[in-house]
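All values reported here derive from a predicted model rather than from experimental measurement. Naming convention: chains lettered A, B, ... in sequence-line order (proteins, then strands); numbering from 1 in each chain.
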2 protein chains.
Amino acid sequence: MSETLDPPSHPAHEASPKRQAIVSAAAKLFMANGYGSVSMDAIARAAGVSKATLYAHFASKDALFATIIGGKCAAIALEGDTFLTDGEDIGVALNKIGRHLMHFLVAPETQAMLRVVISESGRFPELGAAFLRAGPEKFLARLREWFAAQHEAGRLVVPDAQIAADQFSALMRPLMFLRAMVAVPPSPTEAEIATTVDAAVTTFLRAFKPNS
Amino acid sequence: MSETLDPPSHPAHEASPKRQAIVSAAAKLFMANGYGSVSMDAIARAAGVSKATLYAHFASKDALFATIIGGKCAAIALEGDTFLTDGEDIGVALNKIGRHLMHFLVAPETQAMLRVVISESGRFPELGAAFLRAGPEKFLARLREWFAAQHEAGRLVVPDAQIAADQFSALMRPLMFLRAMVAVPPSPTEAEIATTVDAAVTTFLRAFKPNS
DNA sequence: GTCTATAGGCCGATAGAC
DNA sequence: GTCTATCGGCCTATAGAC
């Protein structure tokens, strides 16, 4: 990919309605079908513009894809900025966090984005790094700080909060998550998610709760 | 995909040298580059045959892809049939199992296959299910039985061996695994794998070892 | 079964009028 | 900026000779 992944870069002020229509249509199509099997014709048709207009706003299919992915990464970065609850029972708090995370991970939009990133990160080397920074690494950093605070407050015994955060997150990606990633139905139900998170929190607390 | 994933199905006895060359070349290309961006021309060239010969052995690109994936799934199913060690310290045993699994998960060949399966399971609905059966589900079933045996022997306290197996496996897919999946270097080193597995086993044993 | 040659279609990108 | 029309290339798949 010759373009950076962090733009806005190119011509026509950001808010042009046709440009917005293009971005919106392209995002939907790329997320649903990946990069290769989406044609510029299809994007132009879905956006209700001509292909020439499309190329007036984006220099190439790569550049359009980069813009879309950049936007999606920014959207993930915003996701879940206000759910690290505090001041309640540690088990309840972990349950809330876990449920929020797992819900996010198996959501169709998240799955679509993960699939695209995993599929195309070989062809677009910046893609994987931008995704990691905006998504998992950012989340893990915040969770690490939260764990460190719980450790400080004596509600958990996690001398290495980084590892604990990584392990807690990993427990939210069990077989159920793999099944969703390879598109095998049925999609996880609310009840299955709750059961799985409960089990993960139980295991986590057995390993890290203080009094024991 | 109109073809099943479990074949051998079609014409020309399995062992024709040209057919083997085609399968070998196609496997390499599909695993490295996914389905869409690999052309039948490229496969024919890499196999040293003409495109017409290719179509004499496989009715379509889809059918060829199905054969390749079927072979890969069979190969995963064979993987790791003899590593559930017994009769030693439980921590040592878990470390061996974990190291084996994590090594497998981040190996380039495994990563390539995972990427293809995740990318194409939307377009080829059988693909994800065949992969799950041959890979994770088969492995989890064997690990579950092993855990149940350890529980029986009093070396672990895992009343629900299925959940424990799922959680232990999930702990082998931490951030390091995600990083590999989105092709962000550096690849995990032997030392990083060992450290991560040690930490996972420590956490797992804190939650499930008997005497506590 | 295997080849060469090509049909027929879709794709990314552009030319030129307005 | 936006359109219509089209170029040149690559793709899957096949026809026909041997």
Side-chain angles (χ1 to χ4, degrees), chain A residues 1-3 7-30 32-69 116 119-120 123-124, chain B residues 1-3 7-30 32-69 116 119-120 123-124:
Chain A
M1 182 153 36
S2 50
E3 319 289 324
S9 57
H10 216 251
H13 46 303
E14 196 79 355
S16 152
K18 298 239 173 191
R19 185 192 172 94
Q20 286 183 328
I22 291 169
V23 168
S24 169
K28 195 171 299 181
L29 287 171
F30 279 140
N33 304 106
Y35 178 83
S37 63
V38 173
S39 73
M40 293 296 258
D41 280 277
I43 295 171
R45 203 178 318 126
V49 302
S50 75
K51 229 183 341 174
T53 299
L54 206 165
Y55 278 97
H57 286 274
F58 299 93
S60 67
K61 186 181 177 183
D62 277 15
L64 176 55
F65 184 67
T67 301
I68 301 303
I69 296 294
V116 172
S119 307
E120 308 299 339
R123 225 187 312 266
F124 303 101
Chain B
M1 179 153 39
S2 50
E3 317 291 324
S9 56
H10 217 249
H13 46 304
E14 196 78 356
S16 151
K18 298 239 172 190
R19 186 191 173 95
Q20 285 183 329
I22 291 170
V23 169
S24 169
K28 196 171 298 181
L29 287 171
F30 279 140
N33 303 106
Y35 177 83
S37 62
V38 173
S39 72
M40 293 296 257
D41 279 277
I43 295 172
R45 203 178 318 125
V49 304
S50 76
K51 234 187 329 182
T53 299
L54 205 166
Y55 277 97
H57 285 274
F58 299 93
S60 68
K61 186 181 176 183
D62 278 15
L64 175 54
F65 184 67
T67 301
I68 301 301
I69 296 294
V116 172
S119 307
E120 308 300 340
R123 224 186 314 265
F124 304 101

Original post:
How many angstroms lie between atom CZ of A:Arg19 and atom OG1 of A:Thr67, to the nearest 0.5 angstrom?
Top reply: 6.0 Å

**OP:** Could you tell me whether the phosphate oxygens of C:dG1, OP1 or OP2, come under 4.0 Å of any side-chain nitrogen or oxygen in B:Thr53?
**Re:** no

Subject >> Gap between atom CG of B:Asn33 and atom OG of B:Ser119 - 0.5 Å precision >> reply: 11.5 Å

Original post:
Once you round it to whole Å, what is the distance between P of D:dC10 and CD1 of B:Ile43?
Top reply: 17 Å

**OP:** Send over the distance from B:Leu64 CG to D:dC11 P, rounded to a whole Å.
**Re:** 15 Å

**OP:** Go through the structure and list residues passing side-chain hydrogen bond (donor to acceptor under 3.5 Å, both in side chains) with A:Lys61, not counting sequence neighbours.
**Re:** none

Between protein and nucleic acid, restricted to nucleotides 15-18 of chain C and to nitrogen or oxygen atoms under 3.5 Å apart, what atom pairs and distances do you find?
none

Please set out all donor-acceptor pairs under 3.5 angstrom arising from side-chain atoms of residues 20-30 of chain A, sequence neighbours excluded.
none

Subject >> Rounded distance [0.5 Å steps], OG in A:Ser37 versus CD in B:Glu120 >> reply: 8.0 Å

Subject >> Under 4.0 Å protein heavy-atom contacts per nucleotide of nucleotides 6-13 of chain C, with B for base, S for backbone only and - for none >> reply: -----SBB

Original post:
Taking atom CD1 of B:Ile43 and atom CG of B:Leu54, what is their separation to the nearest 0.5 Å?
Top reply: 6.0 Å

Subject >> Residues forming a salt bridge (charged side-chain N to carboxylate O under 4.0 Å, His left out) with A:Lys51, sequence neighbours excluded >> reply: A:Asp41

**OP:** For B:Ser50, enumerate each residue passing the side-chain hydrogen bond (donor to acceptor under 3.5 Å, both in side chains) test, keeping only those at least two apart in sequence or located in another chain.
**Re:** B:Thr53

